[in-house]
> 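Here it is: the structure, laid out below.
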Amino acid sequence: MTLRPTPQPRLLSIAPYVPGRSTAKPGVKATKLSSNESPLGASPRAIAAYKAAAEHLEVYPEGSSKILRTALGEVHGLDPERIICGNGSDDLLHLLAQAYLGDGDEAVMSQYGFSVYPIVTKAAGASIVMAPEADYSADVDALLDAVTERTRLVFLANPNNPTGTYIGAAELARLHAGLRPDILLVIDSAYAEYVTADDYDVGIDLVNRAENVVMVRTFSKMGLAAIRIGWMYGPAHLIDAINRIRGPFNVNLPAQLAGAEATRDVEFTAKLKSYNAQWRGWLARSLGSNSLRVIPSQANFVLVLFNDAETAQRAFEALLEVGLIVREVSGSYGIPNGLRISIGGEAAMRGVVAVLKDFGAAGAEA
Ligand SMILES: *Cc1c(COP(=O)(O)O)cnc(C)c1O
């Protein structure tokens with residue numbers, strides 16, 4: 001018998017994260033609508049800062065991401081001491097799970113919630129409990145019903161990926177009010193910049209008035225996915241705990257500098273938001289019909305439901321045939337009749353509608 005190192009047995013039950021597909025057939029120009037990336041690129045100010053940082057790659061970054069925390073504090077009106085930045089928000093989700101979950105503990109999430117939550121939960125030795133959704137939207141009563149004495153943490157993506165749905169401020173407050181004070185509520189506001197609903201609460205007020213709420217954010221959906229920056233705002237005791245275990249230089253310097261500029265470039269953020277709102281509405285109206293259902297979205301993608309899994313699969317292939325790569329949500333998300341389509345450039349949006357006309361889409365609005 002050969003001896004060799006073996007990973008913790010609990011890790012072997014984790015299904016690895018499956019990223020959105022990024023290649024089309026050889027010879028076909030690929031347009032990626034599978035990862036919710038910015039169709040307008042990144043803030044020009046962020047790009048300039050990133051390039052300037054290339055002159056001094058020999059120097060360690062400042063480890064607490066102070067430059068970036070200062071910019072976030074100014075623009076969002078937050079105490080920079082209560083912000084932690086991470087190498088993407090995935091980094092922060094792992095750290096939260098590692099800090100607050102252990103063997104025998106449970107974390108609650110919504111049925112169609114973000115597929116990273118089960119990974120970080122199981123990696124920490126805990127188990128994930130799924131609360132059923134009401135028509136593809138998080139259901140506060142079901143989330144509260146899923147809580148047991150073992151629950152230590154609740155994950156809520158708001159708006160959620162891959163459904164695009166959100167719960168309003170009153171429901172979010174009701175969720176928080178129903179949780180024991182020793183349960184951490186993780187509000188993942190990855191798509192906050194794209195929300196247009198009036199009754200949305202990004203989570204800052206809840207963090208300010210409670211000791212058991214943290215808000216997690218990302219730059220990835222705003223044009224900086226390549227350089228991996230996430231951040232979170234939480235109570236001082238949580239910040240203290242996470243700072244003890246995070247990588248000492250977990251955000252690289254070019255990312256810190258680019259992130260700070262992107263934060264201050266509020267005009268670019270506004271431009272992305274209005275572009276997205278316009279084409280999100282257009283795409284939903286052009287696709288929605290008796291045979292195609294578009295779930296109302298507050299994010300930079302829409303979830304489209306077909307009559308059955310086989311039709312969704314054929315639609316996926318038909319889009320791929322012309323180089324339009326969308327996201328299948330059968331496997332890791334359990335929505336076999338759905339496809340998630342990111343809001344992309346105009347030509348891509350028109351291309352999607354043209355292909356899906358054969359699958360019952362209403363057809364392009366002028
Ligand atoms: C994309 C996404 C993230 C995070 O992404 P990073 O690229 O790791 O910052 C987090 N939560 C949700 C719900 C997302 O969709």
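We count ligands from 1, going down the list as the structure has it; atoms in each ligand are counted the same way.
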> Please give me the minimum heavy-atom distance between W282 and A364, naming the atom from each residue.
CZ2-CB, 3.7 Å
> Inspect the contact between R314 and E317 and indicate whether a charged nitrogen and a carboxylate oxygen are less than 4.0 angstrom apart.
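Salt bridge flag = no for R314 with E317.
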> Locate the shortest heavy-atom distance separating N160 from Y112; write the atom from each residue and the value.
ND2-O, 2.8 Å
> Filter the ligand 1-protein atom pairs down to N or O on both sides and distance under 3.5 Å, then list them.
unit_1	atom_1	unit_2	atom_2	d
ligand 1	5 (O)	S89	OG	3.4
ligand 1	7 (O)	S220	OG	2.5
ligand 1	7 (O)	R228	NH1	2.8
ligand 1	7 (O)	R228	NH2	3.1
ligand 1	8 (O)	S89	N	3.2
ligand 1	8 (O)	D90	N	3.1
ligand 1	8 (O)	D90	OD1	3.4
ligand 1	8 (O)	D90	OD2	3.3
ligand 1	8 (O)	R228	NH2	2.7
ligand 1	9 (O)	S89	N	2.7
ligand 1	9 (O)	S89	OG	3.0
ligand 1	9 (O)	T218	OG1	2.5
ligand 1	9 (O)	S220	OG	3.3
ligand 1	11 (N)	D188	OD1	3.3
ligand 1	11 (N)	D188	OD2	2.6
ligand 1	15 (O)	N161	ND2	2.8
ligand 1	15 (O)	Y191	OH	2.7
ligand 1	15 (O)	K221	NZ	3.0

> Which atoms form the tightest heavy-atom contact between Y275 and G345, and what is the distance?
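It is OH-CA, 3.2 Å.
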> Would the distance check show the side chain of T148 and the main-chain N or O of R150 forming a donor-acceptor pair, the cut-off being under 3.5 Å?
yes
> Identify the heavy atoms of A49 and E261 that sit nearest to each other, and give their distance.
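In terms of heavy atoms, the two residues are closest at CB-CG, 3.7 Å.
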